[in-house]
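Comments concern the structure below.
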Amino acid sequence: MDYEQIMQLALERGFYFPSCEIYSDAHAGFWEYGPSGTSLKNKFIELWRRELVRRDRMWEIDGSQIMSGSVFAASGHLASFADPVIKCKKCHLIFRADKLIAEVSSIVIPESADLDQFDKAVAEKNIKCPKCKGDFDSARKFNMMFRVGIGPQDEAAYLRPETCQSIFVDFPRLYKTMRGRLPIGVAQIGKSFRNEISPRQSLLRLREFYQAEIEVFCNPGRLDEIAGFSEVENTVLNIMTDDVIRPMTCREAYESKTVPNKLVAYYLGLLAEFYRKTGIDTGRSRFRKLGEKEKAFYASVAFDFEVETTTGWLELVACNYRSDYDLTSHANASKEKFEVLDDNVKVLPHVFELSMGIDRSLYTILEHSFREDKENERVVLSLRPYLAPVHVGVLSLVKKDGLAEKTDEIFSRLKTRYDAFLDHSGAIGRRYRRLDEVGAPFAVTVDHQTLEDGTVTVRQRDSMSQERIKEADLGSYLSASLAFP
RNA sequence: GCGGAGUUAGUCUAGCCCGGCAUGACGUCAGCUUCCCAAGCUGAAGGCCGCGGGUUCAAAUCCCGCACUCCGCACCA
């Protein structure tokens, strides 16, 4: 399978498609989830809640997408999420001002410097466009954040470029009211917005995208006191350091100091177990330890969880040890106090972050589940049953002889408990094929025998095999088969 | 943002060079038939040929601009 096949399936079966596609001024980087995609996404999120939020007794919040300028002044986004750029007047090429100046003149100007410093350097050193030797316009900032105007005064605010700032800003209230103790995870699912220069490949680089972020607040002096560590100590992590992938258990990773402490090892373990249950082929995954130059400026230790796809290795989760960077910044800017009592000692928590890209994860699930069954001339999405957009197809073998009515009756009993799809029309084989393509793990078929002895057939998506069970047992059969792990 | 290639029904696609009724397949819907794995038959719906402008008696086709998609570069908290 490749990107194009997944794209075609997404368009044909209602997984995702371009936003505003009927208008020609639609912008790149915005995509909609259709019914199948939304259903898959909801179930993915439910699995995330089970495996991370509930398992680790985290607090889940849902913050504003628009946040005030002060938040991003404190977080550093206003200064450093923006690139200083200069544009050639003649050929209109755009360059990063700081990089071009450093390259041709060895003058180093920090990217967050005032704009006139760049203009001054360009003038003094008589820097011209490297391509056409044209003159440059004055420097300007290209900020990746979307600015929005609030109220009649059009006051500046911003669409959040990452969801975690809500968590940092909310932490003092949460800790005062929610009765937790360190280490405590605060989780959030939501949209983030980045004005990417060139969005690409549908769900893989979006301007509006979903993140599932977890910020674990911890006592930096007690990073090896993790109660749940024994639960994951034998979980295998594929850790990549210096271009070599080495499988090792969480305990081995910790003891060999491949990861710096038990807390980090524990959460990488939870993450690995979560992704295993999404059906992604974790044999083609790795936790890549980032080198000094690659890490974000706030991170002291960073691992990217990456998965191999037909588009190459794809980063699904950024795991950053952010130390006290965020809480210190917000404490200084807001005058709010972020210290908490941990075992009767006052401490400013450190933060370990798991920042997950949901859209990319969903794409990867689709690609890793996609199977061309040439022998049976079909395309199958072998999704885990609990993630399938449609749980069960409910079909009449033929419409006549009262089979349709009986099928409707069974469907009515199932439809509020499961994602069921009712289908009477066309050849039975064609209806099975359609269900295979959206990954429905089961198809219940009503035939003549149903009317005689009250049994129906249940067809398995992957094996195409069928068994006959009592109609009355359908509910318990499906509940057991579709249960989350 | 740069360079290249593209954009025709839900999907894929012919037609474009050389202007003159917009092809075909799959899919969808209805009916018949069959009755457990994309069978067959009959019928139907579905297109401002990406958008805007120009040339022309006439534009899917030629010209210009723009948008979007893919690839490469650059960018990437």
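Side chains are part of it too, since the values below use all heavy atoms of this structure and drop only hydrogens, waters and symmetry mates. Sequence lines set the chain letters: A, B, ... in the order given, protein chains first and strands last, and positions in each chain run from 1. On a predicted model such as this, the values are computed, not experimentally measured, just so you know.
- Out of U69(B), C12(B), C36(B), the shortest distance to the side chain of D447(A) is found at C36(B).
- Contact of the C319(A) side chain with the V264(A) side chain is not registered, since no non-hydrogen atoms from C-beta on lie closer than 4.5 Å.
- Between the side chain of R459(A) and the base of C36(B) there is no donor-acceptor pair of N/O atoms closer than 3.5 Å.
- Comparing G31(B) with G24(B), their P atoms are spaced 26 Å from each other, to the whole Å.
- Applying the salt bridge (charged side-chain N to carboxylate O under 4.0 Å, His left out) test to E437(A) and every residue at least two apart in sequence or in another chain returns R13(A).
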When the side chains of residues 395-405 of chain A are checked against the rest of the protein, which donor-acceptor pairs come out under 3.5 Å, sequence neighbours left out?
unit_1	atom_1	unit_2	atom_2	d
S396(A)	OG	H424(A)	ND1	2.7
D401(A)	OD2	H448(A)	NE2	3.0

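- With hydrogens and angles disregarded, a donor-acceptor distance shorter than 3.5 Å links the side chain of N261(A) to the backbone of L263(A).
- Looking at D436(A) and R459(A), a side-chain N of the basic residue comes within less than 4.0 Å of a carboxylate O on the acidic one, giving a salt bridge.
- Rounded to whole angstrom, the span from the CE atom of M7(A) across to the C1' atom of U7(B) amounts to 14 Å.
- Look at the P atom in both C16(B) and A60(B): the space between them is 14 Å, to the nearest Å.
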N/O-N/O pairs, protein side and nucleotides 38-47 of chain B side, under 3.5 Å:
unit_1	atom_1	unit_2	atom_2	d
A38(B)	N7	E377(A)	O	2.3
A39(B)	OP1	R430(A)	NH2	3.0

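- Of the candidates C71(B), C68(B), A74(B), C71(B) carries the atom nearest the R200(A) side chain, counting heavy atoms from C-beta on.
- For G50(B), the base has no donor-acceptor partner in the side chain of S24(A) [N/O atoms by modelled type, under 3.5 angstrom].
- Minimum atom distance to the side chain of R205(A) is reached by C75(B), of the listed C73(B), C36(B), C75(B).
- Within the nucleic acid shown, Q466(A) comes within 4.0 Å of at least one base atom, counting heavy atoms only.
- Comparing G76(A) and G426(A) against RNA chain B, the residue whose closest nucleotide sits nearer the 5' end is G426(A).
- Between the side chain of Y23(A) and the base of C51(B), no donor-acceptor pair of N or O atoms lies under 3.5 Å.
- OP1 or OP2 of C71(B) has at least one side-chain nitrogen or oxygen of Q201(A) nearer than 4.0 Å.
- Within 4.0 Å of S202(A), counting heavy atoms only, lie sugar-phosphate atoms of the nucleic acid but no base atom.
- Residue-to-nucleotide contacts include no donor-acceptor pair under 3.5 Å from the side chain of S425(A) to the base of A30(B).
- Taking the P atoms as reference points, U8(B) lies 14 Å from C70(B), given to the whole Å.
- Under the side chain to side chain contact (heavy atoms under 4.5 Å, CB included) test applied with E60(A), the options I214(A), L52(A), V53(A), V186(A) reduce to a single match, V53(A).
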